[in-house]
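Numbering of ligands and ligand atoms starts at 1, following listing order. The figures that follow rest on heavy atoms only: side chains count, while hydrogens, waters and symmetry mates do not. Just so it is clear, the structure is predicted and the values come from calculations on it, not from any experiment.
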Amino acid sequence: MDQPSTVQITPPDFVPERFANHIVRRLSMLEGQFHDEGAYASLLEKGDTVVYEVYELSRPEVAGELSSGISIVHSGRVGDEYFMTKGHFHKVIDTAEVYYGLKGHGVMVMETPEGEASVQDIRPGAVLYVPPRWAHRSVNTSDDGDLVTLFVYPAHAGHDYGSIETRGFRKIVVERGHGSEIVDNDRWGGANGGEDAVSGLR
Ligand code: F6R
Ligand code: ZN
């Protein structure tokens with residue numbers, strides 16, 4: 001199986017006006033995803049803040065077409081856990097995706113259905129390849145700026161949020177006083193839950 005890989009290239013300017021379809025995901029839509037449920041509840045009480053947004057160039061959902069867009073994960077934390085996307089497998093699981101770092105920094109948390117895990121840096125100019133079969137979630141590890149990426153994927157791929165909603169990813173990204181740290185997700189469990197099989201860390 002292919003492994004995720006990263007290549008640096010020069011970023012273009014971000015022009016959000018180009019993208020007609022604007023998806024906004026708020027804190028309430030990420031219920032059950034952050035490990036500190038108390039911190040989640042008290043942050044939500046203060047307001048249903050926008051966690052991330054997607055500007056999409058949607059295409060017909062048929063093989064041969066490519067959908068693309070801009071993903072913006074805002075800066076913030078729920079307790080010690082950084083703001084992130086819900087994350088998903090593609091419904092057509094053998095479809096890949098490319099991410100290109102435009103602004104800010106963060107990581108892509110990925111895993112296969114078999115429990116293999118990978119966490120890769122996203123920075124301006126970085127091209128991140130998410131191979132077929134790898135679920136993916138973007139995490140903004142910056143305390144003071146958006147994580148902005150461009151993504152491209154086969155338009156017929158579809159999105160499967162089910163298993164991620166139930167148990168999350170094997171690894172979560174937290175701030176423990178000296179920058180970001182990748183730790184095991186207690187909710188994940190399973191035979192490989194305790195092993196450290198993460199590759200590609202920097
Ligand atoms: C498409 C894709 C991205 C994400 C976007 C939001 O396949 O991976 O466009 O959809 O970053 O994340 P989710 O869909 O996990 O809420
Ligand atoms: Zn995807």
Side-chain angles (χ1 to χ4, degrees), residues 2 4-6 14 16 18-34 48-76 78 81-113 117-124 126-142 146-173 185:
D2 290 344
S5 58
T6 306
F14 170 42
R18 276 192 58 211
F19 300 88
N21 195 14
H22 184 202
I23 299 157
V24 177
R25 297 254 200 255
R26 295 179 178 274
L27 196 57
S28 59
M29 298 166 179
L30 286 148
E31 193 181 3
Q33 289 307 303
F34 293 97
D48 197 3
T49 186
V50 175
V51 176
Y52 63 99
E53 304 174 57
V54 179
Y55 291 91
E56 218 178 15
L57 275 179
S58 299
R59 297 288 308 164
E61 294 179 6
V62 296
E65 288 281 0
L66 294 172
S67 282
S68 60
I70 303 285
S71 162
I72 303 171
V73 184
H74 296 302
S75 176
V78 175
E81 194 171 359
Y82 292 100
F83 275 11
M84 61 194 184
T85 61
K86 287 181 74 166
H88 56 265
F89 286 94
H90 289 165
K91 233 177 227 163
V92 181
I93 198 164
D94 57 353
T95 52
E97 184 156 350
V98 169
Y99 278 84
Y100 177 47
L102 294 171
K103 192 174 156 201
H105 57 92
V107 294
M108 188 71 77
V109 176
M110 294 167 277
E111 70 186 36
T112 65
S118 176
V119 180
Q120 298 247 328
D121 272 357
I122 311 173
R123 292 179 182 281
V127 173
L128 171 64
Y129 182 61
V130 182
R133 297 182 62 77
W134 287 80
H136 39 286
R137 159 182 282 169
S138 330
V139 183
N140 183 349
T141 55
S142 161
D146 291 340
L147 171 65
V148 184
T149 54
L150 178 140
F151 58 85
V152 184
Y153 67 101
H156 71 297
H159 297 91
D160 173 8
Y161 294 95
S163 66
I164 303 298
E165 277 171 359
T166 307
R167 64 180 188 183
F169 280 74
R170 280 191 61 195
K171 300 289 172 181
I172 62 173
V173 186
N185 169 16

Close side-chain approach of H136 to H88, heavy-atom, < 4.5 Å: yes
Option from K86, E81, R137 for which side chain to side chain donor-acceptor pair (under 3.5 Å) with Q33 holds: R137
Parallel, tilted or perpendicular: rings of F151 and Y99 (30°, 60°): tilted
Within-4.5 Å side-chain heavy-atom neighbours: R25 and T85: no
Close N or O approach (F151, ligand 1; < 3.5 Å): no
Under 4.0 Å to a heavy atom of Y52 - the qualifying atoms of ligand 1, by number: 6 (C), 12 (O), 13 (P), 16 (O)
Selection from E53, M108, H88 by shortest heavy-atom distance to atom 10 (O) of ligand 1: H88
Closest non-hydrogen atom pair, L147 against V139: CD2-O, 3.5 Å
Donor on one side chain, acceptor on other, E65 and H156, under 3.5 Å: no
Backbone or side-chain N or O of Y153 under 3.5 Å from ligand 1 N or O: no
Under 4.0 Å to a heavy atom of V54 - the qualifying atoms of ligand 1, by number: 5 (C), 6 (C)
Proximal atoms of ligand 1 relative to Y161 (non-hydrogen, under 4.0 Å): 13 (P), 14 (O), 15 (O), 16 (O)
Greater than 12 external heavy atoms within 6.0 Å of K103's NZ: no
Which of the ligand 1 atoms, numbered from 1, are nearer than 4.0 Å to a heavy atom of H136: 8 (O)
Side-chain touch I164/F89, heavy atoms, less than 4.5 angstrom: yes
Any A157 heavy atom less than 4.0 Å from ligand 1: no
Any N or O of S138 closer than 3.5 Å to N or O of ligand 1: no
Region of F89 engaging ligand 1 - heavy atom pairs below 4.0 Å: neither
Atom of G106, atom of T141 and distance for their closest heavy-atom approach: CA-OG1, 3.3 Å
Test item, H90 contacting ligand 1 (heavy atom, 4.0 angstrom): yes
Region of E56 that comes within reach of ligand 1 [heavy atoms, distance under 4.0 Å]: neither
Ligand-residue contact atoms, ligand 1 with S71, heavy atoms, under 4.0 Å: 11 (O)
Distance filter under 4.0 Å to Y99 heavy atoms, resulting ligand 1 atoms: 2 (C), 3 (C), 4 (C), 8 (O), 11 (O)
Polar protein atoms near the Zn ion (ligand 2) [N, O or S; cut-off under 2.8 Å]: H88 NE2, H90 NE2, E97 OE1, H136 NE2
Distance-minimising heavy-atom pair for V50 and H74: O-CD2, 3.5 Å
Listed partners of T49 passing side chain to side chain contact (heavy atoms under 4.5 Å, CB included), at least two apart: L27, F83
Numbering as shown, the atoms of ligand 1 that approach E97 to under 4.0 Å (heavy-atom distance): 1 (C), 2 (C), 3 (C), 7 (O), 8 (O)
